[in-house]
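All remarks here apply to the structure that follows.
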Amino acid sequence: MGGNGEFEPRIVGILCNWCTYAGADMAGTSRMQYPPNVRFIRVMCSSRVDPQFILKAFELGADGVFIGGCHHGDCHYVTGNYRAEERIKLVRKLIEQLGIEPERLRLEWISASEGNVLVEVMNDFVKKLKELGPSPLSKDKE
Amino acid sequence: MGEKEVRIGVYVCHCGTNIAGVVSPQELASYAATLPNVVVAKDYRFMCSDPGQEMIKQDIKEHNLNRIVVAACSPRLHEPTFRRVCAEAGLNQFLYEQANIREHDTWVHMRQPKEALEKAKDLIRIAVAKAARLEPLEVQKVKVTPVCLIVGGGIAGISAALDVANAGFKVHLLEKSPTIGGRMAQLDKTFPTMDCSACILTPKMVDVARHPNIEIHSYSEIKEVEGYVGNFKVKIVEHPRYVLADKCTGCGKCAEVCPVFVPNEFELGMGSRKAIYVPFPQAVPNVYTIDREKCIECKLCVKVCEPEAIDFNQQEREIELEVGTVIIATGYDVYTPFDAPQYGYGILPNVITSLELERLLSSFGPTGGKVIVPTTHEKPKRIAFIQCVGSRDQRLFPYCSRVCCTYSVKHARQIKEKYPDTEIFIFYMDMRTFGKGYDEFYEIAGREYGVNFVRGRVAEVRRVPGTDKLMVRAEDTLLGQLMELEVDMVVLASAVIPREETEQIQHLFRLSRSADGFLLEAHPKLRPVDTLTDGVFVAGMAQGPKDIPDAVAQGKGAAAAAIALMGMGEVEIEPYFSIVNEELCSGCKVCQDICPYGAIGMTVDGKSNINSVLCKGCGACAAACPSGAIDTQHFKFNQVMAQIEAAMKR
Amino acid sequence: MPVTVAMVSLASCWGCYQSLLDTHEALLDILPQLDIKFWHTVTDFKYKDLESYKDGSIDVGIVEGVCRTEEDVHILKTLRKKCKTLISLGTCSTYGGIYGLLNLTTIDQALKRKFVEAESVQEPNIPEEDVPKMLDFIVPNRKIVDFEVFLPGCPVVSKDIADAILGLLKGELPKPPVRTLCDECPREKSEVITIKQLKRDYEGIPDPKKCLLEQGYICMGPATREGCGALCPKAGMPCRGCYGPGPNVIDQGAKMISALGSIVDYESISPEELVEKVGDVAGTFYNFFLPSGIISKTVRKAK
Amino acid sequence: MSKEIVIEPATRLEGHAKIVIKLDKNNKVEDAHFGVTVTRFFEKFVEGRLMERVIRIVPRICGICPEAHHLASVSAVEAAWGITPPKAALKLRDLLLQAKTISSHALHFYALAAPDFLVGPLAEPQYRNVVTVIKHLPDAGKKAIELMKIGQDLCFLVGGRAIHPVTSVPGGQSKPMTEEERDEQLKRIDRAMELAKFTLDLARKVVGDYLDVITKLGVFDSYYIGLAREGVHTIFGDATVRVMSPDGKIVADFAKKDYLDYVAEHVAPHSYATHIFFKPASYPDGIWRAGPLGRINVADKMETPLAQEALKEFRDAVGRPCHATLAYNWARVVELVEAVEKAKMLLEDPDIVSTDVKLADVEPREGNGVGVVEAPRGTLIHHYWSDEKGICTKANLIVATNHNIAAVEKSFLVTAKQVFEDKIHEKLKLPEPMIKT
């Protein structure tokens, strides 16, 4: 919970090294501001994201999980982001069946230069998660 | 390693006030000291400085550290620095992890110091969790083929080609059009020295053609790219010219007899060429090309061609090149300002673009260097230049095209030199004539040439009814007055934009583009000619708007980078490859098609096997492997899981 | 001297014990070596007998089934106390098994459907008199007590049971295989497997020799530990994953999702089409495994 | 002071139950409860599953008769989708159920029931089990095992697995039978016939020995339910559901899809298993018995000659309807004989090796369907609702064992009264047990 008692969602982000991680660096270099709710973890490609990572984050109480990769056609590893997308959309359906709102799992393509897009996405994601409230698996006690 | 006790040192960088101005590095260090396996935790003003690096080295020895975490900037910036520090202290460089508390924290949460502090702690905890599970790795070395492919034969590509070739490496210079030379060949004079563009360019073109280390592939395009740094395989397609390059002497008799006239692209359609043509007289290679779309196949050319160079049956040719390095110098396009209808381009014939004016000014251009009003063919008495057409326009191209201000000044001066009576008005937003000698060049234009500079955006250009003249309506923002100006001609300083093929090039070489659509460099300041793909460099306008000296400098810079890589003869690649645990592999083949590099094969026992040199470490196979038999070094399953657990701990 | 054995069935179908009986001739070898101290299906010992044994006095305990009621938990804990070695027999006990699919809903909804809404029920009423209380969710038995041996399978193949018991008689713990089903599946695979069209089990006539997954049928084989001999694929049906995952995988369903998402040809099957065609993601990938999944049940917000 | 006698768990049955007998202060039996202590809610968790997967899930209702569930289920799905599979597929399915009947009846007779008769009801509990039978009558034990093996192996061949079959899909069977496989099974089926006859002889002997017990202990009137094809005993395929009243009249003979008009469930507050009964007669008057005794009672005759002979002998001894609970074991062996004969007939049918066993184009559709087969322990009804994508939206399952729950409870009440009030066990003529412990 935030200092003023408002619900502050906890987000785990897994970002590809080449696009979204670099995009997040770009947001920093440009001193763009976004809500401090997300913790980024770097992998080389969005296709490294094992669905077990996503489920683990939710199990541990993450209110949102964010996966960032390169735009279609831009993947540093040619096709990784397509694989990631097929998998993650299945996982999204899975978590829906498991009672976790699918909007809590967000997949975005953000290029190395799109610091502004990263910021927009984070603003929007935090806003949406605040609307949803804590995850049913949230460990934070009110 | 597993046996040995994990001893982690954590170093929190102040980065001056970049980090310390938002969060307390001391507090972070004392927090880090409480984390499992952390033996030492310290903070320092600049960890990347010599004393900072020395501190780490000392501690490694003194405290017997076997893992290092630095909480500072992005690992994309200083990971190599600290890895080297570890290596120098005798620690395997891959036992290093960096927490990005600057780009991902203090810079993006400057106004929320309390939350930023919490986040920094979390990021350090995540890094420590990973560090504890890091394993020592050995870098892999691969040979670098001492051959460079340069894509684009403009001035950036030419400059790069000559430097690389002079360093003793083979160069393949690829050009899409029938001749090298690029945009610079279309220019008349160059600012601020007023050198004749052709005079300084064509000798370079000839040097390229004659250089024993350079092979020109004109009229060619890239079809496929495979491989990786040091070992690219590039498939190119050479379009048929229907004229045999080794026989054509460039005598031009064929063009003389050719009955078909075609608007000349080189002259931006203002002049004409034949169906068999060279784009301009100094073309390199000086080989004619038949435009088969326009050719009527009268074969008059065949009759007059003494060397029997014409071959209507010539076919497209595929060539496979093996190269170690690549320089992308594909140049730019000029925006055709149809989306700015207020200026009337395409509707009002007397509204032209600057590049069209450039051709009119050229002594070998369509008018032989005479500037004429297109409809009247008379000398213009009054000309308006409109700056920033498309550029710095949020609806079109938000960036500055960088060259327009100075070239418009150049145009004004050139016209004034030819026709001192012609009145010139330049409508500008603000004059950006930076560069060595440029501002002086601009000053003189106003002071000595009497060019009128009007600060203000032109609202509208319309025809003066019943005449060929144009009415320019603008606001002079300095005087705060609306002005209407009747002119003979309007010249639009149209934006510099990325070439249409940039997207294709981007995908072929797995590059990134910045928001403006130009190719993205690896770092805006420190790695301006590198791209995110190792071994691929970028030069010239392909990377963003720039003038000739900058394009040449970047071409030479890219050449130096390529030379450095090829000069080493081998390159280290990060050992982030994936490994199959054959005990667990059932040969389900799920991984086989996933690998974009064909790095995964099968052993004779039907188990997956990964070629560590071909593998680029994306980890797609590890994530996919349904038996958990594949893992990716440095991004191992247990490492990432530990990071996730650490992220959610509090 | 015969080994003392207690065998219990928690909520189960008795299939794993049927599989023990299906060792046929081996039974004649096995049964006389056992001094059965409890096996309610076959012998007449009662729970009070089980409870009366001294702690640790029984050599081997075998658990089939999973805890559905509080009584099951009590029996399981009692058995653990009485036995030196405890064997988890079958997938229900080891991973939670197929009844774990009820974790996708709530026990109240289930009671309501069965005793109130069922079309054939007259005078609806939920039994509450003298019946053990239902647990809210299925959890794998290992979360309740420790085991020495896990023998997954729905059911465990007869040979594995015989081998395990005969091994234990000699004091040896069984060594489960570590690879997944493709290792022992006779179906042939092409060089690479890419799915251009996903099929439901009833669609088309599959080639009897080729890999079912490659033919577009969702076969859990790649994510499922071997041991059964690839029975289902041999019979022309895709594996449903009853042996659970290999030793290096935490969540069988997640891994198969990842594998499938990786081998569908993204140009032929968009992510949306994939989700649509799979239809029931949880049921498809967690048929036997849901209670052991990283997220083991449908979670609900506290009110 | 009233007291309760609790038998927990009820043993030598594969479900989970306890028996509670309530006595008043005068040791008069007030009530007897047969409480099933667990249920697993298949009808709920098949909701949302793909229909073809439901067919593979429901066998887990019972590990002894999973084939019956598999087949009732696939029939229900095919009914819902309006599909008729190739006839060879139906014959394979019939064979699968016969095979299961062979092994299940053999198991039930030898492992669950026989110890009472062979070891004797008065033996110490630790000896009253199949292990003792195997130890002391190794020949009978071996024969029992051999018969079970033949049945289970045939289940494996047709169902793809010996337990929890997989081969039935909407539209047919996933695996045809090869001629070699057929020939192999034909060789073994004659041996099965010998063993069935041995079992019949053994049953005849123990029935003779225990006739007094069988005809006196736990005898009570009830309705009976079972499938029949025009009055002929059957367990699978085209058939109607017959109901016989306690006085031996066929009071209903209805189509499977109409089951809801005739079959209803009573929820007993002390049991997770409902009591199934004949709806027109209402509860508790309408309680019935299913399984071997039910089927034998409702059938006019058996389908195969040896079984028909055995039936005649059965009826001569105990009549029709036979209300004696302990006669179940005899009826079971009569059915065992028929299952072996029927399996042989099917194996000799050339269609059994047809390769045309599955439709290639099956489309799901919205609708509901009922599948009914005879599981070894009784009439099994699966009823599903499918949506247009072929996802199960609802299920109603009437499982075999539940038909008998009310009757079992009633047997306990009757027997308890006989034992606690009349001390009948002291008066019954018991033979010397075959196995002395």
Side-chain angles (χ1 to χ4, degrees), chain A residues 2-3 8 10 12 14 16-19 21-22 24-45 47-53 56-57 59-62 70 73-80 83-84 87 111-117 119 122 139-140, chain B residues 73-77 100 102-112 114-116 118-119 122-123 126 130 503 506-507 510-516 520 522 524 532-533 576 594-597 616-625 632 634-635 637 640-641 643-650:
Chain A
E8 287 297 339
R10 299 181 67 183
V12 174
I14 308 179
C16 93
N17 179 62
W18 306 100
C19 293
Y21 193 93
D25 279 358
M26 173 68 85
T29 314
S30 315
R31 309 297 197 277
M32 298 169 175
Q33 303 294 299
Y34 56 87
N37 301 65
V38 65
R39 308 292 179 259
F40 291 138
I41 291 167
R42 181 169 70 127
V43 291
M44 294 310 278
C45 178
S47 69
R48 177 67 189 94
V49 177
D50 187 322
Q52 296 182 100
F53 297 161
K56 191 74 196 171
E59 187 216 357
L60 295 174
C70 306
D74 289 3
C75 175
H76 193 74
Y77 305 99
V78 191
T79 52
R83 316 280 184 199
R87 294 172 188 157
S111 79
S113 61
E114 291 175 330
N116 58 327
V117 177
V119 169
M122 284 306 137
K139 305 282 187 284
D140 286 342
Chain B
C73 53
S74 171
R76 298 175 77 259
L77 193 65
N100 185 347
R102 193 181 73 176
E103 280 84 340
H104 289 190
D105 191 24
T106 57
W107 274 355
V108 287
H109 313 307
M110 296 164 85
R111 291 187 281 278
Q112 289 167 281
K114 197 169 129 263
E115 288 80 4
E118 283 312 305
K119 181 168 175 177
D122 289 357
L123 293 175
I126 293 167
K130 178 161 182 183
E503 191 180 344
Q506 174 198 8
H507 294 162
R510 306 284 129 219
L511 307 176
S512 288
R513 288 199 284 166
S514 39
D516 54 19
L520 184 70
L532 293 176
T533 303
Y576 297 166
I594 296 170
C595 181
Y597 304 100
K616 295 285 147 287
C618 65
C621 56
C625 178
T632 306
H634 213 68
F635 295 90
F637 178 76
V640 181
M641 283 296 254
Q643 287 178 290
I644 291 167
E645 279 166 31
M648 289 312 299
K649 211 175 274 174
R650 198 169 273 180

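Naming: A, B, ... by sequence-line order, numbering from 1 per chain.
For the atom pair OG (S113(A)) and CG (D516(B)), the distance works out to 7.5 Å, reported to the nearest 0.5 Å. Distance check: L520(B) CG to W18(A) CH2 gives 12.0 Å after rounding to the nearest 0.5 Å. Here S74(B) contributes atom OG and N17(A) contributes atom CG; the two are 8.0 Å apart, rounded to the nearest 0.5 Å. Between atom SG of residue C75(A) and atom CZ of residue R510(B) there is a gap of 7.0 Å, rounded to the nearest 0.5 Å.
The minimum heavy-atom distance between R76(B) and R42(A), with the atom names listed, is CG-NH1, 4.4 Å. Listed here is the closest heavy atom pair of R39(A) and A647(B): CB-CB, 4.4 Å. Of all non-hydrogen atoms in D50(A) and A622(B), the two that sit nearest each other are OD2-O, 4.5 Å. Closest approach of Y597(B) to V78(A), counting heavy atoms only: OH-CG2, 4.5 Å. Closest approach of K119(B) and P36(A) over heavy atoms only: CD-O, 4.2 Å. Closest of all the heavy-atom pairs between A624(B) and R87(A) is CB-NH2, 3.6 Å.
Taking A620(B), C618(B), G619(B), C73(B) one by one and counting their heavy-atom pairs under 4.5 Å with chain A, the maximum is reached by C618(B). Comparing A112(A), A22(A), C70(A), G80(A) by how many heavy-atom pairs each has under 4.5 Å with chain B, the most go to A22(A). Options L77(B), V640(B), L511(B) differ in how many heavy-atom pairs under 4.5 Å they form with chain A, and the most are formed by V640(B). Counting heavy-atom pairs under 4.5 Å between each of R102(B), M641(B), Q112(B) and chain A puts M641(B) at the top. Counting heavy-atom pairs under 4.5 Å between each of R83(A), M44(A), R31(A), M32(A) and chain B puts R31(A) at the top. By number of non-hydrogen pairs under 4.5 angstrom with chain B, the leading residue of I41(A), I14(A), N37(A), V12(A) is I41(A). The greatest number of non-hydrogen atom pairs below 4.5 Å with chain A, out of E103(B), M648(B), H507(B), K649(B), is found for M648(B).
Under the 3.5 Å distance criterion, the side-chain polar atoms of E114(A) are left unmatched by any main-chain donor or acceptor of S514(B). When atom types are taken as modelled, the side chain of Q33(A) and the backbone of M110(B) share a donor-acceptor pair closer than 3.5 angstrom. Using a distance-only test at 3.5 Å, with no hydrogens or angles considered, no donor-acceptor pair links the side chain of K616(B) to the main chain of Y77(A).
Heavy atoms closer than 4.5 Å to chain B are found nowhere in V119(A), neither backbone nor side chain. The contact between Q643(B) and chain A is made by backbone and side chain atoms together, counting heavy-atom distances below 4.5 Å. When heavy atoms are compared at a cutoff of 4.5 Å, I644(B) approaches chain A by way of both its backbone and its side chain. With a threshold of 4.5 angstrom between heavy atoms, Q52(A) approaches chain B through its backbone and through its side chain. Contacts between R111(B) and chain A at a heavy-atom distance below 4.5 Å involve backbone atoms as well as side-chain atoms. When heavy atoms are compared at a cutoff of 4.5 Å, L532(B) approaches chain A by way of both its backbone and its side chain. No part of E503(B) comes within reach of chain A, as not one of its non-hydrogen atoms sits under 4.5 angstrom from that chain. The contact between F637(B) and chain A is made by backbone and side chain atoms together, counting heavy-atom distances below 4.5 Å.
Ring orientation note: the planes of Y21(A) and H104(B) are tilted relative to one another, at an angle of 30° to 60°.
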For this session: Kindly indicate, with the supporting measurements, whether the criterion side chain to side chain contact (heavy atoms under 4.5 Å, CB included) is fulfilled by S512(B) and S111(A).
Result: CA-CA 7 Å; S512(B) 288; S111(A) 79; 5.6 Å; no
